[in-house]
Novice: 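After the structure tokens below, expect a handful of questions from me.
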Amino acid sequence: VAEAPVARSPIAPAAPVTVEHGWEISARRTGASLRIMDCTPLAKVLVHACADGEVARILAVPFGRMARDEHETLVVGSGPGEWLLLAPPGAAQAVIRRVEEMPDEGLVSVFGATHGRALMRITGARAADLLSKVCGVALSEKVTPDGAAFRSSVAKLVTDVVRDDQDGVLSYLLHCERSSGQYLFDALIDAGDEFGIEVEGFVAPPMRGVSG
Amino acid sequence: LTPSEPRISKHSMSMRLGLQPGEVIDRKRRFRFTWNGEAYPAYEGDTIVSALAACGERVFSRSFKYHRPRGLLTASFLDPGCVVRVGDEPNVRGAHRRVEPGMVVSPQNAWPSLRFDAKSANGALGRFLSAGFYYKTFIRPRRLWPVYRRVLRRFSAGGVVSPNSPHGYFDKRYAHPDVVVAGGGPAGMAAAVAAAEAGAQVLLVEEEYELGGHLRWGNEVDLAALRELRGEVESTSGIEVMTDSVVTGRYDGNWVAVLQRNLPHVVERLIKARAKTLVVAPGLIERPYVFEGNDTHGVVLSSAARRLINLYAVRPGERAVVFSANESGDAAVEDLERIGVEVARVVDARRGGDILRVSGGSKGVHYVECADGTKVECDLLVTAVGWTAPTSLLNMAGDRPVYNESAARFFPSKLPDDVLAAGGLVGDGMLDEQLAHARAVGSEAARRAALTARTLLAGVPQRTEQGAGEQEEPESAPVKIPELPVNDHPALFYGRTDGIVDYSEDVTSKDLHAAKKEGYDSIELAKRYTTATMGPAQGKLETVNAVAIMAAATGSSIEETGTTVWRPPYSPITLGALAGRIFEPVRYSPMQPWHERRGAKPLVAGAWIRPDHYGDPASEVLNVRENVGLIDVTPLGKFDLRGPDVPKLLNLLYVNKWSTLDVGAVRYGVMCLEDGVVFDDGVTGRLAPDRYIMTTTSSGAASVSEWIDNWLQTAHPEWRIHVTPVTTAYASINVAGPKSRELLLRLTEGVDLSPGAFPYMRVRTGRIAGVDDCFMWRIGFTGELSYEVHVPAAYGLHAWKALMDRGADLGVAPFGVEAQRILRLEKGHLIVGQDTDGLTGAYGAGLDWAVKLDKDDFAGKPELVWQSERDEYHRLVGLQPQDGSVVPPEASQIVEGKNKIVGRITSSRMSPTLGRSICLGMVAPHLARAGTTVTVHLPDEKRIPARVMEHHAHFDPEGVRQRG
């Protein structure tokens, strides 16, 4: 009926722009020590279930923590009885199916949130310094070690923050509702300017080599 | 030379000394800057004032009230005589700010020039300008106050802020150190090292550009100790050092504000540090002596003379008198003699010596008259009469310092557990004693911080599984902190003649005595009456002297007189630093790039940026009535509701019934608060047996979300419901107009759009423009056949473009919020918050038909039952002015008789469809009957008649068009 649909992130892609996995993305590459990447194309699935039910036991990630499951899906305990699952682009249906097949006598809701949320990652040794300019949460090893997840105000915007170090380098995933994605991306670049932040194009899947 | 540097300088560094052991200037980096319109040389590391002093300049400003020439006093940030203008930045601390190549520095508070200041005539009127002059003189007649104000503003000494100044980059940072050490002198450094060695993360904050405090301008022994301490700080991990920064306040919970300056990317940064322990180690501030002529330029504190000599290699004068009561004065004598300044006389206060007055003029000090009657010619008087303990941060922590008579200064009394003090604030003693004390304080600060951290970490979610393997360390015993000795010091505050007490405000000892005579016998009252301690130095130089003078005036002791209260900020903060970055989250729909390209006029609707119109709202309305239009309605609040108990929730939230909503059906609902006031409205559709989508108004989405959470978490936690806000998960497009079905037929798969299969108020799911997982419902806010299409948001722009492309031959065009408002007004649909207010109940809004009082319960039911039994509320009605060319502005009053207000216009527009003005309005019950004529009072005082209509709808009241 119409030309093949192309999915678009709320964050304008930095040139050069290409289409991969059905998404319009930036193909920019940088060697900067502090980088920001728009990871919105990742599949995002929200799960609500009883905090002490069978789904919770299988997901095995408590509130405030993140881990990867055997499918390399990143499971974030984003709230009491609430999880965010992140997977490579296009994997949402498979993730939804897997969760729906989990036996649980309680009410379980699975919602494909890929299009409703913006997701970005900042990586680099100064990532915490950047975040400390826009977020009031303590980012020390003791309080928010690798694998910590929390919801906080970031540049006055409600944001889920997940610490997910990349090959030993400090890295944070930031997740907010879609319509403010460009705003948050711009605010992070503004805060990271003094540390030489640069935009890195999307690479799928960007999450690898990290254990929860 | 850089291009901005002045090329010619007639000034030379005539007062510059040879190399000094502790100097901070870099003689290899010489440059020029401009002062008062002339070029001056400087070295890197010079302050503005040290560079000028090196060239022999001695006057840098004019005083606040009397416009007396002022020079160096403290040679530090606090120096009241060195406030200058740099470029268009006023009130720069010239004795602190480092000079830069090409910097343009000018004096302020002087006219026409620093040398010949016409306002210095105030000095001759000094006896008429006593304390309270301002209040007494300008109080009457009151009608002249605007004139007074204009004149007084010309005498303001605060510099001028140019409205054209470029907006600087300011920001903030959050920090969570274990220990904040306020003060980077020897005690602060030792405390920081000890705390860090005990495992604490330490933030060490120093106001000067380098760590070291008074050791920096000390002798070889001091400099050796300084090197050692700096080495320890550098080699100890866990210490973040901030120089040219200041702790400006301590608040509840050890929330410590730090102002950081001199950053490469930021003008100033405010750091919000949540310290587990605060160590206050600011050192002591040398205080001036009050006597006649004490503000003559050439009268300096001993620490100022030593700073000039040892840090900046500047000769402070040629022939000096030193008035000394302590080792600092003695050390100044040594320094002066070492550099070849003739010390004409040392007046030793410890042996009963005193000075009476300084005689001077525009060229500074001429001679000093001593108490023994001798007059000593000189160009420099150095005073060393004692110290003020800057207890501000301790005061902010609740401490009330006590006066120690033998030491002639204040000391801390009782500190909270999370605040400790070190250094001269606590006591005296040799450097080794001070360092030992400070190290113990640092260790104890770390110990207390660890205890606090343990408590805090116990509250962090799910940290237990991480720390499960870790053995919790046993609680350590408190660190024994040694006592510091307190040395005797002569109580020298004021001499036998009157002089300046507050240099910033030109307040004299006479003023304080006069204040007492007029009844202001409390130090707090006298402070406010005279403004002593209220200038830029904020009491750090003058408070103790003012207290001592008030004590003498009232015949009480200093202890009985007490001090004024020190409040934040400790040091002035720019408004830019307080404001930081401007974070105002904005929200855009996926179609925003298209709207921008099409030239849509943006409308700020809460955080959303929406297209108000695309050039001609009236044409947009007519196109919807005749063809088909698209409007971006993504901001509509949307919630995904799942679970078997959703109908219970809907029945609770809405005033109408929901138990019978079939799969595939959509229903309009109205929400009321407990007081029956209309809170929000929208439609909810049932997509599957256990899945519903609820929509709310765009502005009400956040409130409805909280409302739902409140009910589910507090009243009905047992209900099996999951609620997910999905407002931005879908791009929402309203396709409206008689040709909307025809357009959608071209792009929709899997949905039968025929009227029989997809009637009004139904919902369907399917594929639109090649995008799966869309849903659409047939509703009619515009009054036309219309479909609200909800597309997974990442495909919103694709779907919008497809609809525009495929509907070209149907006359498809976008319409904005303004056209939508006209369309809905023609149709008589109310907007919650515009046609209702904080008092409008469901019946008043004309929503009687929706309220189902036979339901068991719902939010607002008791109040609505009460309302239903009365008819006393204003009602929303359709209104049409008799003269259809007049559009009464919204909020125009509806009046009765002379001026009795009986209603208001809530919405009004010129209807392009009807060619006349139309309104909705709220009117008193006796005016609500159809056919009644009401009077609308316009803002220009005209009154026009308007007729109450039978329906809210002005167009197609039967709904034939929207039912298709």
Side-chain angles (χ1 to χ4, degrees), chain A residues 1-10 12 23 40-41 46 48-49 62-65 77 80-81 106-109 111-118 129 131-140 142-145 147-148 150 155-157 177-184 187 190-191 193-194, chain B residues 171-176 201 263-266 272 274 453 456-457 460-463 465-466 581 583-590 593 607-608 634-635 640 642-644 720-722 724-730 746-749 767 769-771 773 792-799 802 805-806:
Chain A
V1 175
E3 65 182 57
V6 173
R8 290 179 175 87
S9 159
W23 285 77
T40 301
L46 285 176
H48 287 95
F63 167 43
R65 296 290 300 160
L107 177 63
V108 178
S109 299
F111 182 82
T114 301
H115 302 281
R117 308 293 164 96
D129 294 330
L131 270 187
S132 72
K133 291 172 66 179
V134 287
C135 175
V137 170
L139 300 168
S140 66
K142 281 182 185 170
V143 180
T144 47
F150 60 89
K156 281 195 181 168
L157 185 73
E177 56 80 32
R178 179 192 164 98
S179 63
S180 294
Q182 184 73 58
Y183 162 80
L184 182 60
D190 176 79
D193 187 50
E194 69 175 286
Chain B
D171 69 5
K172 294 183 186 174
R173 182 191 139 191
Y174 299 90
H176 303 263
Q201 289 292 318
L263 292 160
H265 301 271
V266 184
K272 300 176 173 181
R274 182 70 71 176
L456 292 174
L457 280 173
V460 176
Q462 308 304 336
R463 282 293 83 83
E465 38 117 359
Q466 258 213 334
R581 303 299 295 153
F583 292 123
E584 286 183 32
V586 289
R587 308 180 72 178
Y588 296 109
S589 101
W608 285 97
T634 301
D640 181 274
R642 300 197 191 189
R720 290 163 23 114
I721 299 173
H722 289 152
T724 307
V726 295
T727 298
T728 56
Y730 295 97
R746 299 176 180 183
L747 286 159
T748 306
E749 296 171 75
R767 169 185 268 214
V771 179
D773 301 323
Y795 299 110
L797 184 59
H798 163 83
D805 291 347
R806 296 300 298 274

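None of these values were measured; they are calculated from a predicted model. The sequence lines fix the lettering, A, B, ..., with proteins before strands; numbering per chain opens at 1.
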Novice: Run the side chain to side chain contact (heavy atoms under 4.5 Å, CB included) check on Y588(B) and Y183(A) step by step: do they pass?
Specialist: CA-CA 9 Å; Y588(B) 296 109; Y183(A) 162 80; 5.8 Å; no
Novice: Identify which part of S140(A) has an atom lying under 4.5 Å from any heavy atom of chain B, answering side chain, backbone, both or neither.
Specialist: neither
Novice: Check the pair T40(A), W23(A) against side chain to side chain contact (heavy atoms under 4.5 Å, CB included), reporting the backbone distance first and the verdict last.
Specialist: CA-CA 9 Å; T40(A) 301; W23(A) 285 77; 4.1 Å; yes
Novice: Assess, by modelled atom type and distance only, whether the side chains of S179(A) and R587(B) contain a donor and an acceptor separated by less than 3.5 Å.
Specialist: yes
Novice: For V726(B), is it the side chain, the backbone, both, or neither that has a heavy atom closer than 4.5 Å to a heavy atom of chain A?
Specialist: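 Just the side chain, heavy atoms under 4.5 Å.
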Novice: Is the shortest heavy-atom distance from the side chain of F111(A) to the side chain of H722(B) under 4.5 Å?
Specialist: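 No, their side chains stay 4.5 Å or more apart.
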Novice: Tell me the closest heavy-atom pair linking P145(A) and K142(A), and the distance in Å.
Specialist: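 In terms of heavy atoms, the two residues are closest at CD-O, 4.2 Å.
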Novice: With chain A as the partner, which of K272(B), H265(B), R720(B) has the greatest number of non-hydrogen pairs under 4.5 Å?
Specialist: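 Winner by heavy-atom pair count: H265(B).
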Novice: With a 4.5 angstrom heavy-atom cut-off, could you sort out which part of R274(B) is near chain A: side chain, backbone, both or neither?
Specialist: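 For R274(B), neither part sits under 4.5 Å from chain A.
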Novice: By a 4.5 Å heavy-atom criterion (distance strictly below it), what part of S109(A) contacts chain B: side chain, backbone, both, or neither?
Specialist: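 For S109(A), backbone and side chain are both near chain B.
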Novice: Taking the side chain as everything from C-beta on, heavy atoms only, tell me whether P585(B) gets closer than 4.5 Å to K156(A).
Specialist: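 The answer is yes, as the side chains (C-beta and beyond) meet within the 4.5 Å cut-off.
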Novice: Would you mind checking which part of V108(A) comes under 4.5 Å of any heavy atom in chain B, side chain (CB onward), backbone (N, CA, C, O), both or neither?
Specialist: backbone
Novice: Answer yes or no: is there a side-chain heavy-atom contact under 4.5 Å between K133(A) and E194(A)?
Specialist: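 When only atoms from C-beta onward are counted, E194(A) and K133(A) do touch, with a gap below 4.5 Å.
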Novice: Let me know if D190(A) has heavy atoms under 4.5 Å from chain B in its side chain, its backbone, both or neither.
Specialist: both
Novice: Using the side chain to side chain contact (heavy atoms under 4.5 Å, CB included) rule, take V143(A) and F150(A) through it: C-alpha gap first, then chi angles, then the decisive distance, then the call.
Specialist: CA-CA 11 Å; V143(A) 180; F150(A) 60 89; over 6 Å; no
Novice: Checking L456(B) against chain A: side chain, backbone, both or neither under 4.5 Å from a heavy atom?
Specialist: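 When you check distances to chain A, no heavy atom of L456(B) falls under 4.5 Å.
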Novice: Pick one of side chain, backbone, both or neither for E584(B), based on which atoms fall under 4.5 Å of a heavy atom in chain A.
Specialist: backbone
Novice: Shortest non-hydrogen contact from T727(B) to W608(B)?
Specialist: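 Closest approach of T727(B) to W608(B), heavy atoms only: CG2-CZ2, 4.2 Å.
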Novice: So for L107(A), is it side chain, backbone, both, or neither that comes closer than 4.5 Å to the heavy atoms of chain B?
Specialist: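 For L107(A), heavy atoms of backbone and side chain both lie under 4.5 Å from chain B.
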Novice: Over 60° means perpendicular and under 30° means parallel, so classify the ring planes of H115(A) and Y795(B), tilted if in between.
Specialist: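 Ring orientation, 0 to 90° scale: tilted.
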Novice: Heavy atoms only, distances under 4.5 angstrom: which of P792(B), A607(B), A799(B), G796(B) has the most pairs with chain A? Name it, please.
Specialist: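 Highest number of heavy-atom pairs under 4.5 Å: P792(B).
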Novice: Between P264(B) and chain A, with a heavy-atom cut-off of 4.5 Å, which part of the residue counts as in contact: side chain, backbone, both or neither?
Specialist: neither
Novice: Taking every heavy-atom pair that is under 4.5 Å apart, which of T724(B), D773(B), T634(B) has the most such pairs with chain A?
Specialist: T724(B)
Novice: Which bit of A49(A) is near chain B, if near means a heavy-atom gap under 4.5 Å: side chain, backbone, both or neither?
Specialist: backbone
Novice: Considering only heavy atoms, which portion of A155(A) lies under 4.5 Å from any heavy atom of chain B: side chain, backbone, both, or neither?
Specialist: both
